[in-house]
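Below, chains carry the letters A, B, ... as their sequence lines are ordered, and counting in each starts from 1. Any value given below was found using the heavy atoms of this structure, including those in side chains, with hydrogens, waters and symmetry copies removed.
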Number of protein chains: 2
Amino acid sequence: MPVVHTLGGMMDRIRALLTVIEEGSVNRAAVRLRITQPALSRQMQALENELGGKLLERETSGVKPTGLGHALVKAMRPLVEGYDTALAELRRQARGERSELRVGYLLSAAQSMLTPALAKLRKSQPEVKLKLHDMSPREQIDGLRAGELDLALIGQEGVTAASEFHSAKLCSLRVCIAVSDNDPIAAQKNITLKELKGRDFIGVDEDQVPGRNRWATALCKSAGFKPRFVVVVDGITNVFSQVVSESGVTLLPGYFEKLQHPGVTFVPVSDEKARWDFIVLWQKGLASTATRALVEALKQVAVTLR
Amino acid sequence: MPVVHTLGGMMDRIRALLTVIEEGSVNRAAVRLRITQPALSRQMQALENELGGKLLERETSGVKPTGLGHALVKAMRPLVEGYDTALAELRRQARGERSELRVGYLLSAAQSMLTPALAKLRKSQPEVKLKLHDMSPREQIDGLRAGELDLALIGQEGVTAASEFHSAKLCSLRVCIAVSDNDPIAAQKNITLKELKGRDFIGVDEDQVPGRNRWATALCKSAGFKPRFVVVVDGITNVFSQVVSESGVTLLPGYFEKLQHPGVTFVPVSDEKARWDFIVLWQKGLASTATRALVEALKQVAVTLR
DNA sequence: TTGCCGTTATGCCAGTTGTGCATACCCTCG
DNA sequence: CGAGGGTATGCACAACTGGCATAACGGCAA
């Protein structure tokens with residue numbers, strides 16, 4: 001039996017078998033499959049060889065599946081159909097017709113921008129299904145890397161990962177510091193970075209908000225000194241506890257000014273160079289129209305907030 | 001871009017892509033796949049052409065999936081794995097290592113044979129999982145045809161379908177008739193077919209028990225007359241009602257003698273030629289060892305009952 | 001900068017495979 | 001026994017695919 005064929009095209013032969021069994025005839029199936037009957041006949045032989053058992057009862061009136069043939073149909077038809085639909089969905093997605101948009105964001109940071117941008121998006125592309133994920137900057141970046149997010153709204157933390165993805169800077173916010181209510185600085189309306197020289201700084205866990213400490217360090221260096229991080233905590237609320245108990249300070253993006261936290265006062269930093277960039281990251285490769293639309297909407301919203 | 005390839009081997013290329021993404025490198029993936037790097041490189045190009053979008057970010061240190069690439073992995077990996085396991089299962093089944101055995105039987109007819117046979121089977125192949133289906137002869141045949149049964153225990157009704165499947169005659173039972181208690185025949189110990197000449201016969205629905213009427217007709221013809229079916233009912237219990245009310249008779253396999261039904265008396269037919277064959281049918285093609293074992297067990301049980 | 005080493009991409013050739021065509025074979029029915 | 005339906009087979013050819021050699025490209029170190 002010199003009918004060997006490759007193991008590769010086996011799925012095609014399985015498809016062919018499904019058609020043959022549907023039609024009950026190699027001849028008619030061959031017509032449907034746009035190949036000749038001999039070719040199809042040989043495919044069936046090949047499939048039987050590969051599986052090691054007869055699949056069809058050849059009768060003078062056509063063909064009929066054997067038990068094994070039936071079993072194959074039952075096992076393979078759903079897989080083949082799933083394969084086809086998955087393929088179709090991928091092709092659509094490749095053409096940018098992705099209907100689902102998975103957005104990662106940090107509620108405290110992105111709220112003022114994301115909400116109006118989403119409203120715009122819904123107006124221009126109402127059929128887009130949104131999945132919003134409130135997650136830490138680190139989780140956002142990991143999500144992008146793992147392909148679980150299409151787009152991430154992220155602050156300064158994102159610049160370290162910006163080269164991995166497409167990115168756009170949305171706006172550049174002012175910066176503030178958090179100090180204890182008891183601290184003399186708390187009474188000031190403004191503060192310059194220079195005034196922080198020699199103060200103890202509270203750092204945050206690099207895993208949770210990567211790059212934040214580096215950003216603070218860079219800012220201080222531009223003001224002529226090197227910050228000393230006396231403690232590193234994980235999570236922003238713990239930062240506030242430390243601010244109160246240790247009377248250290250920490251540099252924060254400006255939107256924290258609106259926050260209230262017992263025992264903590266936020267003081268704006270007046271240095272012009274002290275800015276907190278807010279950026280949006282999205283997957284490389286062909287972005288869906290929905291992704292592009294949301295990025296555009298975010299940019300438009302950003303200019304109004306500047 | 002003249003990289004076209006066939007649409008056929010697409011699944012292979014998807015498999016290849018899965019490996020490439022796992023390895024993060026075309027080179028290493030090529031090693032795992034036992035092909036050269038250029039070949040694999042071209043496969044990836046082909047896949048991207050077929051899908052209409054980039055799947056990989058080529059970087060100097062290797063490759064990284066794009067969003068589309070990630071989506072493909074998420075959609076296709078389970079399908080590919082399902083396909084492989086299904087294929088393996090089919091191959092095992094083709095080798096006769098089927099662990100499940102679906103048996104169709106008619107409780108009233110097969111009980112005396114099936115129970116001991118199953119006991120034998122359990123002793124010789126304890127790991128076989130059994131699925132027993134009590135169903136009418138017609139349902140059994142349909143089940144075999146649809147591949148939902150591996151084996152059917154069926155009476156005379158099965159002979160019409162015997163050519164479609166493998167079959168073995170298990171035993172040949174004596175025949176009896178059912179008559180009303182009031183009928184003079186009811187007092188007899190035996191009866192010959194000839195004595196039934198001129199009597200009204202009760203037939204059964206051809207859909208439920210195909211071939212039964214033909215069997216009765218053939219028997220009567222061998223005794224020199226043609227039975228007259230005054231009524232055809234569906235289901236054996238209705239036959240008994242008719243036997244009582246219409247004082248017709250009906251030919252039945254011998255195992256009914258053990259039954260009790262108010263107003264009905266069963267009288268054995270003494271003709272030597274009047275026999276009711278009991279057969280087992282199973283799927284054509286390679287039967288599993290379990291199937292063969294059960295057939296053997298049934299045959300052995302049958303000889304003890306003869 | 002230059003050279004080296006890693007990566008992926010491309011040109012070309014040969015082996016293999018799957019297909020179509022023509023035809024053989026087999027069965028059933030008239 | 002021939003006609004007409006089915007499936008299988010012999011054969012030649014086009015096409016795809018893989019291997020080899022090599023290009024192109026980017027990073028890194030001297």
>> Using modelled atom types and a 3.5 Å cut-off, is there a donor and acceptor pairing between side-chain atoms of A:R92 and backbone atoms of A:L87?
In response: no
> Between atom CZ of B:R77 and atom CD1 of B:I21, what is the distance when rounded to the nearest 0.5 Å?
Replying inline: 8.0 Å
>> As an exercise, state the distance from CZ of A:R42 to CD1 of A:I35, rounded to the nearest 0.5 Å.
In response: 10.5 Å
Give the nucleotide from the list [options] with an atom nearest to the side chain of [X].
X	options	result
A:P38	C:dT19, C:dC21, D:dT7	C:dC21
A:N27	C:dG20, C:dT8, D:dT7	D:dT7
A:T60	D:dG6, D:dG19, C:dT28	C:dT28
B:Q45	C:dT10, D:dG19, C:dT8	C:dT10

>> Exactly one of A:R138, A:Q140, A:R212 should register a side-chain hydrogen bond (donor to acceptor under 3.5 Å, both in side chains) with A:E157. Which one does?
In response: A:R212
Starting at atom [atom1] of [X], determine the distance to atom [atom2] of [N], rounded to an integer number of angstrom.
X	N	atom1	atom2	answer
A:M44	C:dG18	CE	P	12 Å
B:L40	D:dT17	CG	C1'	13 Å
B:K64	C:dT7	NZ	C1'	15 Å
B:R42	D:dC20	CZ	P	13 Å
A:L55	D:dT7	CG	P	15 Å
B:E50	D:dC16	CD	P	11 Å
B:E57	C:dA9	CD	P	11 Å
A:R58	C:dC25	CZ	P	19 Å

>> Please tell me if A:T36 has a side-chain N or O lying less than 4.0 Å from either OP1 or OP2 of C:dG20.
In response: yes
> What pair of heavy atoms forms the shortest contact from B:L251 to B:C220, and how long is it?
Replying inline: CD1-SG, 4.1 Å
> Is the base of D:dA8 touched by the side chain of A:Q37 through a donor-acceptor pair closer than 3.5 angstrom?
Replying inline: yes
>> Can you work out whether A:R34 or B:S61 has the more 5'-proximal nearest nucleotide on DNA chain C?
In response: B:S61
